[in-house]
Amino acid sequence: MLQLWGFAVMTVVGSAAAGEMRHQVFQTQNTFLAPEINIVLYNDKDYSRKFIVDFGDNDVKSPAAHRHSCLSRRPVAVMNGPPFDQWDPSARPRPYGAFERSTSMAMIPAKSFAHRYYPVGFFARMPCEITLTITDQADGQKIASRIVVTKPSQDEDVEPDNVSVTATAESLDEDKLRLVTILVKNNAAKPVAFRLVRKVLLDCDADISDFLVKEGMEGSFVRIEEHSYAAVLTAVTMRSGSVSKDCRLSAEFQALEQLSRRHPLRQVTVPLSAIAQDHRAAPRVAK
């Protein structure tokens, strides 16, 4: 079983104009190549925006990769030779693999968001840090966020009673591929844990293709540190070019006990169009 890492510290620097690029950076421990550095970019405008996210991979060959850098802990000897982005078997190509490499593009619809992540690798020594650079393609404005990856907290997991859930869907490869992101925020002061129990497509001429997403990011088990986030990804392959207006993904989660009907994780439904949804759960009142 994967070891669980904890908490992240973020420092943001940049110009006032760049500050309009609202974002969140956080740490997760979901895949074999964990920990993962995650970033969520929000588009609050009434029009789509395009961003580039650089996870600082190029710093490995520059003085910026100092002894505290997560990336500098990744020599070829540790990697057993293959480049980091070629660990996946060639027989199972993953179109979404580009999102995990050093630079990612995100076209964000109006009033929506996009999520990208980068697996640092289990060989990184904690604590370590990475500096991400976000570039607005419209005006070239940049901001940098430094995240410090630390060891796990020792707090016991609790039920996800106070969470916020936001969802979005992205179109890729001329609408043949969709990437659905369910973003869960833990509003509580304790780590929470839950499991995905079901994913189904409703009124869609499509197939769920979770093998295109790194194992663990599809949400089989989710743990979120206090006041942090986690992203559950779903790859969908459309059989035809057109998408029904009723086509949607339904995901259901479960904690140690069955979630109440009104719980935002009980059933999350995401239209397979670039529309964000928001649900909020109030804290459970102790009896």
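- Between K214 and Y117 there is a side-chain heavy-atom pair separated by less than 4.5 Å.
- Heavy atoms only, all atoms of each residue included: N43 and I108 are closest at ND2-O, 3.1 Å.
- Proximity of I134 to I39: side-chain heavy atoms (C-beta onward) are separated by under 4.5 Å at one or more points.
- For the pair L249/I208, a side-chain contact is recorded, criterion being any heavy-atom separation below 4.5 Å from C-beta on.
- The closest side-chain heavy-atom distance from D54 to T135 is not below 4.5 Å.
- Criterion: ILVMFWY side-chain heavy atoms under 4.5 Å apart, direct or through other members. Under it, I52 and M107 are part of a common hydrophobic cluster.
- Taking all atoms of both residues into account, the shortest heavy-atom contact from H227 to A189 is NE2-CA, 3.8 Å.
- Residues satisfying the side chain to side chain contact (heavy atoms under 4.5 Å, CB included) test with D46, not counting sequence neighbours, are K111.
- Summarising the geometry, atom CZ belonging to R198 is positioned 8.5 Å from atom OG belonging to S250; distances are rounded to the nearest 0.5 Å.
- Annotation: side chain of L196 is not in contact with side chain of V222 (no heavy-atom distance under 4.5 Å).
- For the residue pair T28 / N38, a side-chain donor-acceptor distance below 3.5 Å is found, with atom types taken as modelled.
- For the pair A167 and V270, the tightest heavy-atom approach, listed with the atom from each and the gap, is CB-CG2, 3.4 Å.
- Using a distance-only test at 3.5 Å, with no hydrogens or angles considered, no donor-acceptor pair links the side chain of E225 to the main chain of P191.
- Looking at V40 and T166, their side chains never come closer than 4.5 Å, going by heavy atoms from C-beta outward.
- The two residues I147 and Q27 make their nearest non-hydrogen contact at CD1-N, 4.1 Å.
- Connection of L177 to F211 is established within a shared hydrophobic cluster, with ILVMFWY side chains joined at heavy-atom distances below 4.5 Å, either directly or through further cluster members.
- With rounding to the nearest 0.5 Å, the separation of CZ in R116 from CE in M105 is 7.5 Å.
- Using a 4.5 Å cut-off on side-chain heavy atoms (C-beta onward), L132 and I130 make contact.
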Checklist entry - Run the side chain to side chain contact (heavy atoms under 4.5 Å, CB included) check on Q29 and R223 step by step: do they pass? => result CA-CA 8 Å; Q29 184 79 12; R223 183 180 190 267; over 6 Å; no

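- When each of L41, D44, L183 is paired with F113, the side-chain contact (heavy atoms from CB on, under 4.5 Å) condition holds for L183 and for no other.
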Next on the checklist: Determine whether R49 and Q137 satisfy the following criterion, side chain to side chain contact (heavy atoms under 4.5 Å, CB included), listing intermediate values before the conclusion.
Outcome noted: CA-CA 8 Å; R49 302 176 71 187; Q137 289 292 86; over 6 Å; no

Checklist entry - Does the side chain to side chain contact (heavy atoms under 4.5 Å, CB included) test come out yes or no for V120 and I37, once each step is laid out? => result CA-CA 7 Å; V120 174; I37 305 305; 3.4 Å; yes

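- A distance of 11.0 Å separates NZ of K176 from OG1 of T237, quoted to the nearest 0.5 Å.
- The closest donor-acceptor contact from the side chain of H263 to the backbone of P160 lies under 3.5 Å.
- M217 CE to L233 CG: the interatomic distance, rounded to the nearest 0.5 Å, is 4.5 Å.
- What you find for Q258 and R266 is that their closest heavy atoms are NE2-NH2, 3.4 Å.
- Heavy atoms only, all atoms of each residue included: N30 and F221 are closest at OD1-O, 4.1 Å.
- A distance of 5.5 Å separates SG in C204 from CE in M238, rounded to the nearest 0.5 Å.
- Using cut-offs of 30° and 60° for the angle between ring planes, the F194 and F253 rings count as perpendicular.
- In this structure, the side chains of V213 and L179 come closer than 4.5 Å at one or more pairs of heavy atoms.
- A distance of 2.5 Å separates OG1 in T234 from NZ in K199, rounded to the nearest 0.5 Å.
- Not a single donor-acceptor pair under 3.5 Å links the side chain of D207 to the backbone N or O of S209.
- Checked against ring pair (Phe, Tyr, Trp, His ring centres under 6.0 Å), Y229 has the following partners two or more places apart in sequence or in another chain: F26.
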